[in-house]
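Notes for the one structure printed next.
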Amino acid sequence: MGRFVVRRLLQIIPIFFGVTFLVYFLVSALGSPLDTLSPQQKRNPAYLEYLTEQFNLNDPFIVQYFKYIGNVFTGDLGTTFAGESVTEIVITRMPVTATLAGTALVIELVLGIVIGVVAARRRGKLFDNASLVIALIFIAIPVFVLAFVLQWLFGIKLGWVVPTGISEGWPLSYIVPAFVLAAGSLAYVIRITRQSLLETLNTDFIRTARAKGLPAGTILRRYGLRNSLIPVVVFLGLDIGALMTGAVVTEGIFNVPGIGQQLFTSIKQQEAVVIVGIVTLFVIIFQLLNLLVDVISAALDPRIRYE
Amino acid sequence: MSDLQVEAQSAQAAGPESRTVAADAWYQLRRNWVFWVSVVLIVGISAIVLFPGLFASEEATTSLTGGCQLEDSLEAPGDKFLLGADQQGCDVYSLSIYSARTSVSVGLLTAIGTTLIGSLLGLLAGFYGGKSDSVLSGVTSIFLGLPFVLGAVVLLSSVDLPDIWGVVFALTLLSWATAFRLVRAKTIEAKGQDYTLAARALGAKDLRIMFRHILPNAIGPSIVVAVISLGIFIGAEATLSYLGLGIQPPNTSWGVMISEAQNAFFTAPWVLMVPAGFLTVTVLAFILLGETVSDALDPKLRK
Amino acid sequence: MRNRRRSFVVGAVGLAAGLLLTACSSSSDSSSGSDDSAAATGGSFSMAIEKPQALTPTNCYDLYCAQVNRTLFEGLIEFQKSSEGALEPVKTDLAKDITTADDGKTWKIEINPGFSFTNGEAVTAQTFVDTWNYAAYGDNGQQLGFVMGPDQLNIVGYDQVASNKSKKMSGLNVESDSVLTVELEKPMGQSLFYNFLGGPQVLPLPSTAIKDPKAYEKQPIGNGPYKLEAPWTNQGMTVVRNDDFAGEAGNADEIEFKIYADNNALWADLQANELDVASTLPQNALVQAESVLGDRFINDEGGLQYAYYGYPVNDPTFKEKDVRVGLAKAINWDEINDKIYFNTRTTATSFAPDTIPGGGKDVCGDSCVFDGAKAKELIDGAGGVPGGAVLIPQLANETGDVQKAICNQIQTNTGVKCTPQIYKDFGELVGAVTGDKATKGLIYGLGWIADNPTIQNMITANFSSTSPYNDLGYDNPEFDRLLQEGNAATDTATQIEKWQQAEKVIYDDFRAWATQFRNNIGGYSTRVSNVDISPDGIVDLSVVQVNS
Amino acid sequence: MTTSDDVVVEAVGLKRLYPITKGILFKKKIGEVRAVDGIDLQLMRGETLALVGESGCGKSTTGRLLMGLEPADGGSISVLGDDLAKLNSRQMRAKRRDIQMILQDPYTSLNPRMNVATIVGEPFAIHPDALAGRSRSEAVRELMDRVGLDPSMVNRYPHQFSGGQRQRIGVARALALRPQIIVADEPVSALDVSVQAQVMNLLLDLQKEMGLSYVFVSHDLAVVRQIADRISVMYPGRVVETGKAESVYAAPAHPYTLALLSAAPIPDPAVQAERERIKLSGELPNPADPPSGCRFRTRCWKAQEVCAREEPQLVEISSGHSVACHFPQREDAKV
Amino acid sequence: MAAELLRVEDLQVEFVTRDGVARAVNGVSFSVAPGETVAVLGESGSGKSVTAQAIMGILDTPPARIAGGSIRLLGRELVGLSEDEYRLIRGEQIAMIFQDALSALNPVASVGKQIAEMFQIHRGASRQDAKDQAIQVMTQVGIPAAASRYDSFPHQFSGGMRQRAMIAMMIALKPKVLIADEPTTALDVTIQAQIIELLQELQSETDMGLILITHDLGVVAEVADHITVMYAGRTMEEGPVDEIYRSTANPYTRGLLQSIPTIHSAEGRLPAIPGLPPSLFALPEGCAFHPRCPNAKDRCRQGEAPELVEVADRHRSRCWYAEEVMRSDNLR
């Protein structure tokens, strides 16, 4: 296992270079960041020179990339045009996004598994079909539409929560945006739980458990769920990545000062350094999460032995 | 599968009437109201996409022929406009009907693109394994590691492709990895099956084994996934439009309509709700179809 | 918001970009009609801003830091509304005297003693000299250092400092603790010099800002009516009243600036009464703002920004003046204003709103009056639009509502095919009219946000033949001559008259016309009163009262 | 007895090793599973050679090596005089017309997406000249008929057949190219007893009619009894006893063979009651880490110190009957 | 043989599917006494596993349901028992081991825990206590170094060891009746022999009744006292093992016996039963076996199926010509 972890960590290296190179290349293909300056900003040659220096704009692309990556390894993700450190932006904003994504994950996990289990136990019945349709509606509604509607409903019409921002802290300020964030994935968790549980309940060892005279509840928990949770865990692990990117839209609409909101702003402003910095970070986190998923899967399923 | 099922099935297998997986699935689907709902919806949507003229008049969607008068801006649903008018004074209903083609095209083309690319590469990687597999799987991880919105933003801003092709390109590039993984896994599974061994024993060449033996057995799930993704891609286009990156005017799509409708959401909700409704129903129809079919096709769940 | 400076125009109604050089408006403005005579003080309220790029004045390039700095700093010049409603630069409490002895070549600035930064450091003549040298020095990378340079203040020795050859501009000298002299490369009239001193980039910085800019940026120390007691964050910042402030104190004890990334969120909070003051509203709020907020909805005409459309000189499509006028007359701006902007813009008949001295006149005349039938007649009479189609530019970050509406009207009224054309960014758009591969049939359109409230500022950059920003390629010697005469005039009345004449030349040629002025829109909660947005977009927070 | 001209398959010193790797970045080999570890085989024209052993002994691997489906890591295989290792891929494909295979699991060895016509006709699609002037559907019908399937069922899919019928389809496919040699890998072990006999009879009939040579891989000595002319008993990676069938059944010389025979149940309570059965303790050794010396010694009741030290070699104990044991059973052993 | 432990009487199990109702088990009766081994024999699809699961009360319902008959365990009727009551009997009084121990053991729980669970749930034993007892049972079934293998997972066991673990789990509470469903099919011959021996040993120690479900006539001959031969859901023949082997009274049984190769049989063709078992949804008229029966006459092809008739003491056969078959020359 230890070896496996080390190997996986090492595997992240080429992926890290691949993704950062890809993003850096694409962002560079947009043109020099100086092009996005307004003519009035360009009136200041000293400032232009400073920026050119700062972002190594006179170097060939590949040199720029490696200089940038070199800095990344020292923990410096670059600076914005205004001189703000991207690392610092990330550090201050990440906990907010983590809280939001974490809350969303809990919603997914609890609602998803509970509904999934009930749906599996009542396969083909009304609850099963209804939960499927409702869950899928949440996938089908564009996330921003859902966000607007819920914000309007709970924040303005009913006034249960502050419509935006995180001024009320966790959980009140996080619950609605987290639900919006979780809504899309919820259906998947329900479906995977249901599917996987149905498969498990059809296996021979469940029959053995019945032959052993175990109570139905014990069979479901100890035999059914534990075996069916593995694909759910795998999905959730990958989903954290999706939650963090999903936060781009959600944090924007709910004015949650997280990393997604920063990205939202940076996208609007085409601030390449920030975009690359955040993507780099996301990629690393995503890869580490994948690793974590593998480790958890191995813990849940002793048959999985890495290396 | 329990012995009990084996017994029941092998008893059936002896009879000439035993069914194919597809027939089994069809039997199950036939009795599933959710399936029928999705089929009816998809037929309706297809009709709208193919013959929008049957449902609405194109004239109501353009100012060249008298539609879209600013004085009708945000007219509520009523006699003049069945489902209201948007800010430009265009008939929301007609516009939604005429937007269907773009939205569905994006979904369809992307679904086809991802399935083709993903399947082909997945087949190659799974079949040959070794280095080519490592490289392709590595590339896949890179694409899977690239957050979707981000990737789309960067791709769409740096690649200059006209109208829907840009969106299709970006969505395809960011989504083929799913089909790749699926087909690769299925390929590895099929490759280990005895019928593949038998084909090799007959002297079949790699291409024959891949396309005649493995692909037909490996492609099934990815086609089901493609149906589901078709819906998801239609929604993704809307999200990109919301972020100002999707289809650009003068082309229109449900996503573009929704994006533009935000302005008046609270006073003229129909401008947003009508295209959002069309979108949601369409996405839902494809997802439901995919889900019910995949459920019916899954032999592991069969009782 | 980097490139919004000129591009706010056509569609963007979101947060307008920075009106920088006019950041301070009057704190002693008593005409804002506060009707409760017993001015309530104390309490706290919140105001929405977007995240500023930086708070340090020499890096302050947007409206939001300008808004915050307005509470943290006291500069030399602030703007006040004149009796005619136009904005004029006047000295602040800090400035004792700003004079020139040689017709504007050298200026002597005398400051009042007793002002100090909230860390105790006194504001002296040296403070200004150090600050300005710091801003100009190339390696310091301060965005707004250029204000000391050519085409702006143009202080002697700027080039040396900007290129890192010297740390000190030779044109800046400290005479005494309270007096400094500024030597300019070229003479400058008083009103223009005053205007330049009104911006945040010339605000005084304490020495710690220069020693450790990074730490300073986190929690700037100013000399204004309020102070920042804790470093600012992504969620915003809270300023509290500076009791040691020597000038006029603010009303509220505490002002919280909430940072919003998305205006829609701001609007949601404002409706929920969770936000007290907003100096901008999202597009989707406009339609209902009045019904939701009632008289707490601010919709003030006279914002110092205009949108314009123009016909590139080298595009043969627009060779005929009748075509140019015809297209203009085909667009019903009043209706667009009503239906698209919900009356948050004002149809323009000149390049300067009435908040600018000499502005607000109908310079355009009949050419700007909507008349669909006449439009078609003019165009048909001129043989139609060559190519039969026109394009309306749209920037990728705009929603495109206006472009659509304009095109719909052109199509409906004249039958000329019209399509919005999207450009990735400002640079691409400029390329489409100026480059060798200029797009045929493109009606160029952008906007202008005033650097300072003068007609000259509104028309020079876009239409002077020597201006690098004259994208249309407009070149009329008559116009250039009148503009120069106006600039050189010492008498303000003559100056304005010449500029007005120059403006008229543009309309006579009808190469371009201003379409709309942007109103300043915003709103406030039931908890506050006396909220007013100055034409430059800044809310004077010192006078806002928290209702008890 | 047959002459050497009649040898259709000959394997000498055949080896197949699966490496066990370990390593973080670069995999290095830390060991190997010696699935087939130096065995010699000879198959004569028209005879059936049975490879017998428990699962994991390498018998199926040997079958696949003979088919050229896996590369040998040592030794050589010649099929009808051609060294498989020296054939290029085109020649290898041509060789398929001589040597074919029947697989164990009738459920996975047929492509579920193809109908019988396609499955049985596939050999002709790959080797069109094997049709010899017939139309493909004619040829397929002939084959169906020959293996006892109703030719009218050609358009059905595998799942519409029972296990026995499916195995017949597999046989038809293998026969299509008129091979001289068939490697049958546990062809009946997945079938019900009653059907097992049907398929075995079919194989016997076909051999008689077509003069086929079989390599018959099985774990079941009772089934093998029916068809084998010669038997090689395998114990992980090695042949421990080989000889003519009558000779091996009548006088098993290796204790393992003896144990296998003894363990095979006889469906007669009377006989069972009288049998003195040898029950082996333990299980097959791990082929990655076989015991030193004789691999069977860990389970052998006869094992002595020499067995751990020295690996016994195959020694002929009677005509054509060889055994690899330090203490072979004497002739009179009865099972 | 003392009193009966288990009596199955006229058991009927139906599968209700969309193709109609399949009688997977149609009137099967037999009984088990302490220390007795009853073999239920038949091809795939004959209904033998369904019978076993019906007795255990672990049929998948739906689609399966017990349509009639009775199952009495120590005189207590099990058919119609509530799930809660049935649960207390399973594992405690009657237990079952399955063919494929790998899939029948929970892959994510350690083998030891799965055994200890029996003591914890049925006997309320403490965790430690259960563990000790589990290790004891593991040792009893011949798992070497049981204590150290307690925490191993099923996939870490070899096939034979897994089956031992399975047996340990099921005999942990010393049930009165043990059903073994093809316990050795998936195993190698030498291991098969070990497992059969183990079952016999356990049986002689505890005097439990053993129901052996199998298609392997060799194994039956070795261990069974009494045989029930099933075909298409019906009992074709039943009787004491020697009697069945010596004087078969049913052509089907005879066909089975003749088609089995043995190490002593002659080289060459064996007399195989032609054809295939019928579909349960389309049973032939008359005797279900008639299409495959070498002795079939007109009487077999139409009308009622023959009844199970006694042909000798405790030996019954379902064939119109049972006596005739019995008298004809037997193979062995």
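Chain identifiers are assigned alphabetically (A, B, ...) following the order of the sequence lines, protein sequences preceding nucleic acid strands; residue numbering begins at 1 within each chain. In this text the structure is predicted, and so the values were computed from the model without any measurement.
Smallest separation of non-hydrogen atoms from Asp204(A) and Ser103(E): OD2-OG, 2.8 Å.
Heavy-atom contacts from other residues, nucleotides or ligands closer than 6.0 Å to CZ of Arg127(E) number 12 or fewer. For Arg7(E), the CZ atom counts as densely surrounded, since its 6.0 Å shell holds more than 12 non-hydrogen atoms of other residues, nucleotides or ligands.
A donor-acceptor pair under 3.5 Å links the side-chain atoms of Arg87(E) to the main chain of Gly213(A), judged by distance alone.
In this structure, chain E has a heavy atom under 4.5 Å from the side chain of Thr218(A), while its backbone stays farther away. Within the 4.5 angstrom heavy-atom criterion, only backbone atoms of Leu300(A) (N, CA, C, O) approach chain E.
The shortest distance between side-chain heavy atoms of Met56(E) and Arg210(A) does not fall below 4.5 Å. Within the 4.5 Å cutoff, side-chain heavy atoms of Thr208(A) are placed close to those of Phe98(E).
Rounded to the nearest 0.5 Å, atoms CZ (Phe205(A)) and CG (Asp100(E)) are 12.0 Å apart.
Every residue was checked against the salt bridge (Lys or Arg N to Asp or Glu O under 4.0 Å) condition with Glu108(A), not counting sequence neighbours, and none meets it.
The stretch residues 106-122 of chain E places Asn106(E), Pro107(E), Val108(E), Gln114(E), Glu117(E), Met118(E), Ile121(E), His122(E) near chain A, each with some heavy atom under 4.5 Å from a heavy atom of that chain.
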message: Assess the residue pair Arg207(A) and Met96(E) against the criterion (side chain to side chain contact (heavy atoms under 4.5 Å, CB included)); give the C-alpha distance rounded to whole Å, side-chain angles, the decisive distance to 0.1 Å, and a yes or no.
response: CA-CA 10 Å; Arg207(A) 203 183 43 185; Met96(E) 180 167 176; 5.9 Å; no
